[in-house]
Amino acid sequence: MAVIKQEISGLGLKEAEFSPDHRTEFLTGLVLDHVFYRGLTLEKAEAPSSGASDHNPLLVEFSLPEYTVPK
C-alpha cells in the first residue's frame with residue numbers, strides 16, 4: 001500500500017478519507033477498497049456498515065471547483 005500511495009501522490013491524486021469508516025479489511029487490518037481523485041473537491045465520504053454484500057458501500061460526494069473560462 002505504501003508503494004501505491006507514493007505512486008498516486010506523484011500523479012496528483014488524493015485518497016478519500018471516510019467517516020464513518022467501516023470499509024472491509026484484510027486479515028492484516030489493511031482496507032480493501034479505496035477512492036482516489038483529482039480535480040474535484042471532496043464534500044463527503046462515508047463507508048457505512050451493511051450486510052448486503054461482502055464489501056461495505058463507499059458513499060462519496062464531490063463538487064467541481066469554481067472555474068473561470070479564459071477570454
Residues passing the salt bridge (Lys or Arg N to Asp or Glu O under 4.0 Å) test with Asp33, sequence neighbours excluded, are none

Is the backbone N or O of Asn56 less than 3.5 Å from a side-chain atom of Thr24, with the two atoms forming a donor-acceptor pair by type?
yes

How long is the gap from [atom1] on [X] to [atom2] on [Y], to the nearest 0.5 Å?
X     : Y     : atom1 : atom2 : answer
Leu30 : Arg23 : CG    : CZ    : 10.5 Å
Lys14 : Ser9  : NZ    : OG    : 10.5 Å
Glu7  : Phe36 : CD    : CZ    : 11.5 Å
Glu15 : Leu13 : CD    : CG    : 10.5 Å
Glu61 : Thr41 : CD    : OG1   : 13.0 Å

Could you report the tightest heavy-atom contact between [X] and [Y], atom names first, then the distance?
X     : Y     : answer
Ser49 : His22 : OG-CG, 3.4 Å
Gly12 : Arg38 : O-CG, 3.6 Å
Pro65 : Gly39 : CD-O, 3.4 Å

Please give the remaining members of the hydrophobic cluster of Leu64, linking ILVMFWY side chains under 4.5 Å, ordered by chain and number.
Phe18, Val35, Tyr37, Leu40, Leu42, Leu58, Val60, Phe62

When you look at CD of Glu43, are more than 12 heavy atoms from neighbouring residues, nucleotides or ligands closer to it than 6.0 Å?
yes

Spell out, yes or no, whether Met1 and Leu32 are grouped together once hydrophobic residues are joined by side-chain heavy atoms under 4.5 Å, including indirect joins.
no

